[in-house]
> 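Here it is: the structure, laid out below.
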There are 2 protein chains.
Amino acid sequence: METVGQIIRAKREDLGLLLRHVASHLDIDQAILSKIERNERKASKENIVKLAEILKLDHEDLYIQFMSDKIAYEIVNEECASKVLKVAEEKVKYLKNNYLKS
Amino acid sequence: METVGQIIRAKREDLGLLLRHVASHLDIDQAILSKIERNERKASKENIVKLAEILKLDHEDLYIQFMSDKIAYEIVNEECASKVLKVAEEKVKYLKNNYLKS
DNA sequence: ATTTTTCTTGACAATATTTGTCAAATATAA
DNA sequence: TTATATTTGACAAATATTGTCAAGAAAAAT
């Protein structure tokens, strides 16, 4: 079970890229990227898009890891975390069927 | 499939309470409560606690509705919404087992 | 073992989002 | 119509997010 930060660091090192190279592609200071990789800060959605590019990761996969990290972090301390996710899933299905039929 | 706003409005009207009465118990302007009930604004966690009190709703149930609304709203526009929730659930289980054993 | 390079840390700043107020407009009900 | 309740939108304050910078620590190269 990897965090989005772990995935990013692993792939960056695989490709032999430096923090400052990747960070400059994202247009942020390397300090932030360092923190993102260690899960001390959350990436922005824009960061994620550019990270997928430069690290040659599948964009959707990375995005899923990013959002699931964010959501898991929001509720992991609650007893009822699993219940919340189940209800959320029902709501998503309902909304998709009833309001978002494109 | 009800939103947290719908639940609150229904129960408030059931109890015959006015926006301004409930809002004053929450220590907010009635304008906000009006918006919360119509899902134009999100409640804060504190709002939810006090709403459960004054509306005699089960605190955990209301909290689950509140959080699931919030999460569903965050991802409903994404293709991969269901996938995100599934991965989030795995992460929550993993974290609870490995880091939060109290 | 010293120097160079990379990464990490923490204080701070800018910006965006959240959470709220207020007063006027609208809707509902007496 | 008048009184009461709700809604709306412009605005303000507080908080959270997203970032910079520079100095310190760690790792790698010479």
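Within every chain, numbering begins at 1; the chains are lettered A, B, ... in the order of the sequence lines, protein sequences first and strands thereafter.
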> Any salt bridge linking E60(A) with K83(B)? Criterion: basic side-chain nitrogen under 4.0 Å from a carboxylate oxygen.
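The answer is no: the pair does not qualify as a salt bridge.
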
> Quick one: do S44(B) and N47(B) satisfy side chain to side chain contact (heavy atoms under 4.5 Å, CB included)? Show the steps, please.
CA-CA 5 Å; S44(B) 68; N47(B) 292 159; 3.0 Å; yes

> What's the closest nucleotide to the S44(A) side chain, out of dT8(C), dG10(C), dG19(D)?
dG19(D)

> For E37(B) and for K42(A), find the nucleotide of DNA chain D with the closest heavy atom, then tell me which residue's nucleotide is more 5'.
E37(B)

> Measuring to OP1 and OP2 of dT7(D), would you say a side-chain N or O of S34(B) lies under 4.0 angstrom away?
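Yes, such a contact exists.
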
> Is any NZ, NE, NH1 or NH2 atom of the basic residue among E74(B) and K70(B) found under 4.0 Å from an Asp or Glu carboxylate oxygen of the other?
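Salt bridge absent between E74(B) and K70(B).
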
> Of the listed nucleotides (dT6(D), dT8(C), dG20(C)), which one gets closest to any side-chain atom of R9(A)?
dT8(C)

> Taking CD from E40(A) and P from dG10(C), how many angstroms apart are they, rounded to a whole number?
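Result: 7 Å.
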
> Reading DNA chain C from 5' onward, which residue's closest nucleotide shows up sooner: K45(B) or D29(A)?
D29(A)

> Taking the side chain of L19(B) as heavy atoms from C-beta outward, which of dC21(D), dT7(D), dG20(C) is closest to it?
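Of the candidates, dT7(D) comes closest.
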
> Look at the aromatic rings of Y63(A) and F66(A) and report parallel, tilted or perpendicular, splitting at 30° and 60°.
tilted

> As a test of reading the structure: which of dT6(D), dT18(D), dA22(D) is closest to the side chain of A31(A), going by heavy atoms?
dA22(D)

> Among dT8(C), dG19(D), dG20(C), which nucleotide sits nearest the side chain of N47(B)?
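Looking only at side-chain atoms, N47(B) lies closest to dG20(C).
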
> Of the nucleotides dC22(C), dC21(D), dC7(C), which one has an atom closest to the side chain of R12(A)?
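For R12(A), the side-chain atoms sit closest to dC7(C).
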
> Establish, with yes or no, whether the OP1 or OP2 oxygen of dT17(D) is under 4.0 angstrom from a side-chain nitrogen or oxygen of R41(A).
no

> Under 4.0 angstrom, heavy atoms only, what part of the nucleic acid is I28(B) near: base, sugar-phosphate, or nothing?
sugar-phosphate

> Looking at the side chain of K35(A), which of dG20(C), dT20(D), dT6(D) is the nearest nucleotide?
dT20(D)

